[in-house]
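Scroll down for the structure; my scribbles are underneath it.
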Amino acid sequence: SIARRMQQAAAGVSAGGGGGETPSGTILSSFAAPGTGPTGLTYNGTNLISCDGTTDTIYIHDGVSSTILSSFSSPGSAPSGLTYDGTNLVSCDSTTDTIYIHDGVSSTILSSFSSPSLNPAGLAYDGTNLISCDYNSDLIYIHDEVSSTILSSFAAPATLPLGLTYYGPNLISCDIVSDLIYIHDGVSSTILSSFSSPSAQPRGLAYDGSNLISCDFSTARIYIHANA
């Protein structure tokens, strides 16, 4: 479990193997998440989409706001990450260890495949390939397009990665043990910079074309970050 992994990390134990703008830790605004346990975010070009591991629900927001246009049940009992590939929502579940391709932004599942390891917890899309992270393996995986085939992988910057987004040209990740948000050099293990997350349990990231957006499980809030 995530709680057990956090205890292991504290004890020093490992459980297993934008547009020219730079996001920052400065918060422009925040609002309450629609559920008490937000675990993932993405943006489909119009609306923010969030998922919640307590309600097992995926929410479509009205733009980037607390207003909810619609919602539907997640395909598994522990939704842990979201991304949007330009056509379809993609979600992952840390209990079923499965990545799901939705039909547009709906509960209908077109296809699914096993995640690369046991606890997928974050997804991103770089315009060509799906990227996932896993808190069992502590790895970030580059998929061959949106498929189970893995082109390459590299170590996450800390011990419990739980969120990803692509803030072109760089991948951004967050970690619940270090409580940091990391800006990668492209899609690689090299870290250009990092900053503190807004609270203690960052669990999801998105980019709306202007700003980084993060959510935190401990505060059940969604944060819009300023650019540096």
Side-chain angles (χ1 to χ4, degrees), residues 18-19 21 23 33-34 38-53 56-65 67-76 78-94 96-116 120-134 140-153 162-174 184 186-187 203-215 222 224:
E21 300 287 352
T39 54
L41 300 172
T42 193
Y43 184 74
N44 72 348
T46 303
N47 298 315
L48 181 69
I49 304 168
S50 66
C51 62
D52 191 281
D56 303 335
T57 299
I58 295 172
Y59 300 91
I60 297 91
H61 298 244
D62 185 5
V64 181
S65 76
T67 302
I68 302 302
L69 297 175
S70 61
S71 64
F72 52 86
S73 296
S74 58
S80 52
L82 300 172
T83 194
Y84 184 73
D85 71 359
T87 302
N88 299 314
L89 179 69
V90 184
S91 68
C92 62
D93 190 282
S94 61
T96 63
D97 306 331
T98 299
I99 295 171
Y100 302 90
I101 296 93
H102 298 244
D103 185 5
V105 182
S106 75
S107 61
T108 302
I109 302 302
L110 296 175
S111 60
S112 64
F113 51 87
S114 296
S115 58
L123 298 173
Y125 183 71
D126 69 358
T128 302
N129 298 316
L130 178 69
I131 306 166
S132 67
C133 66
D134 191 284
I140 295 172
Y141 301 89
I142 296 94
H143 298 243
D144 185 4
E145 297 183 342
V146 183
S147 75
S148 61
T149 301
I150 303 301
L151 296 175
S152 60
S153 65
L162 289 180
L164 297 173
T165 194
Y166 184 70
Y167 197 111
N170 300 318
L171 182 69
I172 301 181
S173 67
C174 62
H184 297 244
V187 182
R203 291 289 301 267
L205 301 170
Y207 173 54
D208 70 357
S210 298
N211 298 98
L212 177 69
I213 307 169
S214 67
C215 65
I222 294 170
I224 295 90

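Small disclaimer: the values here were computed from a predicted structure and weren't measured.
- Considering all non-hydrogen atoms of both residues, Ser94 and Asp97 come closest at O-OD1, 3.1 Å.
- Considering all non-hydrogen atoms of both residues, Leu212 and Pro23 come closest at CB-CB, 3.8 Å.
- For the pair Leu205/Ile213, no side-chain contact is recorded, criterion being any heavy-atom separation below 4.5 Å from C-beta on.
- What you find for Thr128 and Asp126 is that their closest heavy atoms are N-OD1, 2.8 Å.
- The closest donor-acceptor contact from the side chain of Ser50 to the backbone of Leu41 lies at 3.5 Å or more, if one exists at all.
- Taking each heavy atom of Tyr167 and Glu21 in turn, the nearest pair found is CE2-O, 3.2 Å.
- Shown here are the side-chain hydrogen bond (donor to acceptor under 3.5 Å, both in side chains) partners of Ser91, two or more places apart in sequence or in another chain: His102.
- Applying the side chain to side chain contact (heavy atoms under 4.5 Å, CB included) criterion to Asp56, with sequence neighbours excluded, gives Ser74, Ser77, Pro79.
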Could you pull out every donor-acceptor pair under 3.5 Å between side chains of residues 144-151 and any protein atom, sequence neighbours left out?
{"from": "Ser147", "atom 1": "OG", "to": "Asp144", "atom 2": "O", "distance (Å)": "2.7"}
{"from": "Ser147", "atom 1": "OG", "to": "Thr149", "atom 2": "N", "distance (Å)": "3.2"}

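- With a 4.5 Å cut-off on side-chain heavy atoms, Thr39 and Leu162 do not count as touching.
- You'll find the side chain of Thr42 stays beyond 4.5 Å of the side chain of Tyr125, heavy atoms only.
- Annotation: side chain of Asn44 is in contact with side chain of Val105 (closest heavy-atom distance under 4.5 Å).
- Within the 4.5 Å cutoff, side-chain heavy atoms of Tyr141 are placed close to those of Asp134.
- Panel note: side chain Tyr207, backbone Gly209; a donor-acceptor pair is recorded below 3.5 Å.
- Under the 4.5 Å side-chain criterion, counting only non-hydrogen atoms from C-beta, Ser132 is in contact with Pro116.
- Side-chain atoms of Ser80 come within 3.5 Å of backbone atoms of Pro120 as a donor-acceptor pair (strictly under, hydrogens ignored).
- Although no hydrogens or angles enter the test, the distance criterion places a donor-acceptor pair under 3.5 Å between the side chain of Asp93 and the main chain of Ala78.
- Interatomic distance, CD1 of Ile49 versus CG of Leu89, reported as 5.0 Å (0.5 Å rounding).
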- Message: Walk me through whether Leu171 and Leu164 qualify under side chain to side chain contact (heavy atoms under 4.5 Å, CB included).
- Response: CA-CA 7 Å; Leu171 182 69; Leu164 297 173; 4.3 Å; yes
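- Of the possible donor and acceptor atoms, none in the side chain of Asn88 sits under 3.5 Å from a partner among the backbone N and O of Ile101.
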- Message: For a side chain to side chain contact (heavy atoms under 4.5 Å, CB included) check, start with the C-alpha distance between Tyr59 and Asp52, then their side-chain angles and the critical distance, and finish with the verdict.
- Response: CA-CA 8 Å; Tyr59 300 91; Asp52 191 281; 3.9 Å; yes
- Query: So Ile99 and Val90, side chain to side chain contact (heavy atoms under 4.5 Å, CB included) or not? Walk me through it.
  - Reply: CA-CA 7 Å; Ile99 295 171; Val90 184; 3.6 Å; yes
